[in-house]
Amino acid sequence: EVQLVESGGGLVQAGGSLRLSCAASGFTFDDYAIGWFRQAPGKEREGVSCITSSDGSTYYADSVKGRFTISEDNAKNTVYLQMNSLKPEDTAVYYCAALDPSLLSLWVLWETYDYWGQGTQVTVSS
């Protein structure tokens, strides 16, 4: 059974940090890129970051560049999203998802992903 399980969300003050984890199982981790998305109430799901397991290439949305860092631990089949300098506008449910690397040029489009986690809530207070 394919599973992506996010953890690490919570409530933090503006300027603070959180580290999200995405633990993958049930598929060959190295065969996929892993992306992070977020969705705030009433807003579209937004691509935040993506990492390719094959060579560790990383991609970021402009809104988080310089503040968020994506990384992976292949031995643990886990991808992390380190979020620093958090802002109230970062408040959302954060999801991780698995992407066929042949579609990497479309990493910001949630429709291109094959597998999804259940999400973890991140709330940043002002």
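Only heavy atoms go into these numbers, but all of them, side chains included; no hydrogens, no water, no symmetry mates. Along the sequence shown, residues are numbered consecutively beginning with 1. Computed from a predicted structure; not experimentally measured.
A cation-pi contact links Arg19 to Tyr80, judged by a cut-off of 6.0 Å to the six-membered ring centre and 45° from its axis.
A salt bridge between Lys87 and Asp90 is absent, with no side-chain N of the basic residue lying under 4.0 Å from a carboxylate O of the acidic one.
Proximity of Tyr60 to Arg67: side-chain heavy atoms (C-beta onward) are nowhere separated by under 4.5 Å. Contact check for Val48 versus Met83: no side-chain heavy atoms found under the 4.5 Å cut-off. By the 4.5 Å heavy-atom criterion applied to side chains, Leu4 and Phe27 are counted as neighbours.
Looking at Glu46 and Ser63, their side chains do bring a donor and an acceptor atom within 3.5 Å of each other. Side-chain contact of Gln82 with Ser71: a donor-acceptor pair under 3.5 Å is absent, judged by distance alone.
Of all heavy-atom pairs spanning Leu20 and Gly9, the tightest one is CD2-N, 3.6 Å.
Rounded to the nearest 0.5 Å, atoms CG (Leu104) and OG (Ser54) are 8.0 Å apart.
For Tyr95, there are no ring pair (Phe, Tyr, Trp, His ring centres under 6.0 Å) partners two or more places apart in sequence or in a different chain.
Relative orientation of the Trp107 and Tyr59 rings is tilted, given thresholds of 30° and 60° on the angle between their planes. Using cut-offs of 30° and 60° for the angle between ring planes, the Tyr115 and Tyr32 rings count as tilted.
Among Asp30, Thr28, Asn77, the one residue that satisfies the side-chain contact (heavy atoms from CB on, under 4.5 Å) test with Ser53 is Asp30.
Between the side chain of Tyr113 and the main chain of Cys96, no donor-acceptor pair closer than 3.5 Å is present.
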